[in-house]
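Residue numbers start from 1 in every chain, and the chains themselves are labelled A, B, ... in the order their sequence lines are given, proteins ahead of strands.
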Protein chains: 2
Amino acid sequence: MAVSMRDVAQLAGVSQRTVSNVVNDYQFVRPETRERVQQAMETLGYVPNAAARSLRAGRTGMLALVIPNFEARYFADLAGAVIHEAETLGYTVLIEVSGASHDRELGVLAGGRSQLTDGAIMSALTLQQADEHLRRPGYPLVLVGDLVFEGPVDHVGIPNREAARTAVEHLISVGCRRVMLLGTENGPTTTSKLREQGYRETLEAAGLPVLPELLLDTEWGRQRGQDAIERFVASDIELPDGIFAMNDSLALGALRALRSAGLRVPEDVAVVGFDDVEEARFASPSLTSISPAVEEIARTAVRLVHEQITGRPARTATHVLVEYELKVRESTARQ
Amino acid sequence: MAVSMRDVAQLAGVSQRTVSNVVNDYQFVRPETRERVQQAMETLGYVPNAAARSLRAGRTGMLALVIPNFEARYFADLAGAVIHEAETLGYTVLIEVSGASHDRELGVLAGGRSQLTDGAIMSALTLQQADEHLRRPGYPLVLVGDLVFEGPVDHVGIPNREAARTAVEHLISVGCRRVMLLGTENGPTTTSKLREQGYRETLEAAGLPVLPELLLDTEWGRQRGQDAIERFVASDIELPDGIFAMNDSLALGALRALRSAGLRVPEDVAVVGFDDVEEARFASPSLTSISPAVEEIARTAVRLVHEQITGRPARTATHVLVEYELKVRESTARQ
DNA sequence: ATGAAAGCGCTAACAA
DNA sequence: TTGTTAGCGCTTTCAT
């Protein structure tokens, strides 16, 4: 068995209480006593037992972050930012990868394995309104990305519709008249729905038709994007002169397919992505993309869980939409 | 206060022991009793308290993973793989980002905040032999990547020297005679030293001179790689006909710099990277790279901590070097 | 198949 | 300023 406070107290000839005081930097401990206790801790190699402390204090100092996967660079970025922000408030982050599985997302909701966390930040993909009652009562939760519950949940997201509108307006402004939407129908998420709405609205506002053959269903992966565009090019449908991809992976895949088909970007086809992952800057041509301020999303989310953890429980739900920005790069630089 | 086992026991009219049995799927519980207890748990919304369980059991079911950062895609990949592997053994992973700071790496060694973990997997960058005595005794630790301690520590890495040799041999085999090494002197790590050794050995074995002007010092970032090559091209030193970059970020940066300088890859300069991150496959030209089998590294590391956690403490240290593979792609496809 | 009860290591209320 | 002590919620040994 590891050495406990009792052992230290015994060796130092003080009470457990005093040891606790020293460990927790309690003000009123006589320097000589403190010295003696520290000496004893050193000798014994004492390390406080966090489980016991948590049990007693009712807090663990840990936050759960639930993301669908690690492959999409966006989630790795989000994780990095959340870890960084959490640290400034003294939390450690425990990451759970849901694999976009409904069961596993439910598991978190119900308090599953992350039992050791004081709260969770969750990027849910498959949760439904109907799942809300499974939410463990009193367990601080912040949703990031899609807003899957109508009920009172803190949420931080980005204005998907507006952002999509900005992207498509940009394509039109550089002369595109036949704009493709790449990545519709990606599972049961509302994200794609919102972005599609933005796309439709913009075309309509510009007096352009929404052509069903330019709405390409694909999962949001790079290879998928590449495949979809390759198939499209091989078909005899007239090519688009602009592509709005639902995320950067799709866009980067598209870039590659277009190039290998001998099409020039942006001269023949202009491309806009979404997420502004690091690679977008370095791709060639570099990719115009919607940049969603991951740091701010992380900061806000962490702040919100922290408020729930420390604050009065009966707070009303907060919804935050963070800024976004269109980064114009080579993939749309024409005229 | 949350509902505890006692409450459930009371409502179900059984003892705490029985509730515990139900929760832990103990075999010998009468179906009707089990039913009644589950009913009570449902009604009360009972959730087991993990802190108490950990305190009692002496294990938390969590592993710490310490990585220098999240920006380098390699570490994100590693994290993903570790999380996946850990899960199969029932662990949850807590990620700590050290920022390559010596203090923070020491903190982990000493048992710092990750007190709640049963063991740690660590990709240490700044640890020194001298730090070893700070290691918390009995705390399971596996080093990944560089081997920083001489002492008895489990370690899983890749044969850096051999891999570097393979890379440079490949460059020579496609006709390179003036091979640059990009990314020497990257902090106090032994990784770069080993790869440099491999580089030198190979040149010598091929009867080629090791030219100091072809050893480029840079940090291992993309922008850094790009800048370094741009500077080199702008200088009046004769250009290399092959580049071995210490990692893919550097290589991808180099690719970009070469292209904007009007040089063709692989015709004018062939390029090999290290790590085989996803992007290497999708870059254009796609990047030849050393692929270090991250999954296997992760699997091995997790297996080793697990053995330490469950096994007899006096096991001797294990050192594992996992396989690597040279993925030949467009960036060296000449002849 | 189930009950009673002893702690795991720590914090904090109460005393002194 | 420090000592004493009651639990936090759970697992598990010993009974029954």
Contact list please: residues 31-43 of chain A against DNA chain C, heavy atoms, distance less than 4.0 Å, in numerical order.
none
Looking only at C:dC10, C:dC8, D:dC10, the nucleotide nearest the B:Ala52 side chain is D:dC10
Could you state the atom-to-atom distance from CG of B:Asn49 to C1' of C:dC8 in whole Å?
13 Å
If you take atom types as modelled and just measure distance, does the side chain of A:Arg56 reach the base of D:dG7 with a donor-acceptor pair under 3.5 Å?
yes
Bend angle of the helix from C:dA1-D:dT16 to C:dA16-D:dT1, from helix axes over five pairs at each end, nearest 10°:
30°
Of the nucleotides D:dC10, D:dG9, C:dC10, which has the atom closest to the B:Met5 side chain?
D:dC10
Going by the rule salt bridge (charged side-chain N to carboxylate O under 4.0 Å, His left out), which residues pair with B:Asp77 if we only count those two or more places apart in sequence or in a different chain?
B:Arg73
If the condition is side-chain hydrogen bond (donor to acceptor under 3.5 Å, both in side chains), which residues does B:Asp7 pass it with, not counting sequence neighbours?
none
Examine C:dT11: is either OP1 or OP2 under 4.0 Å from a nitrogen or oxygen in the side chain of A:Arg53? Give yes or no.
yes
Within residues 14-23 of chain A, which residues have any heavy atom lying less than 4.0 Å from an atom of DNA chain D?
A:Val14, A:Ser15, A:Arg17, A:Thr18
Holding to side chain to side chain contact (heavy atoms under 4.5 Å, CB included), I want the full list of residues that pass it with B:Ile83, two or more places apart in sequence or in another chain.
A:Phe70, A:Ile95, A:Val97, B:Val93, B:Ile95
ring-ring contact (aromatic ring centres under 6.0 Å, His included) with A:His84: which residues, sequence neighbours excluded?
none
The ring-ring contact (aromatic ring centres under 6.0 Å, His included) partners of A:His319 (sequence neighbours excluded) come to A:His155
Distance in angstrom units between A:Tyr26 OH and C:dT11 C1', rounded
13 Å
Just by distance, no angles: are the side chains of A:Thr60 and A:Asp118 close enough, under 3.5 Å, to form a donor-acceptor pair?
yes
Listed partners of B:Thr318 passing side chain to side chain contact (heavy atoms under 4.5 Å, CB included), at least two apart
B:Asp154, B:Leu304, B:Arg315, B:Val320
So, using side chain to side chain contact (heavy atoms under 4.5 Å, CB included) as the criterion, who are the partners of B:Arg303 when residues are at least two apart?
B:Thr300, B:Glu307
Atom-to-atom span, CG of A:Leu55 to P of D:dT11 - whole angstrom
12 Å
Under the rule for side-chain hydrogen bond (donor to acceptor under 3.5 Å, both in side chains), what residues qualify as partners of A:Arg56, not counting sequence neighbours?
none
With sequence neighbours excluded, residues passing side chain to side chain contact (heavy atoms under 4.5 Å, CB included) with A:Glu35
A:Gln38, A:Gln39
Going by atom types alone, do B:Tyr46 and B:Ser4 pair a side-chain donor with an acceptor below 3.5 Å?
no
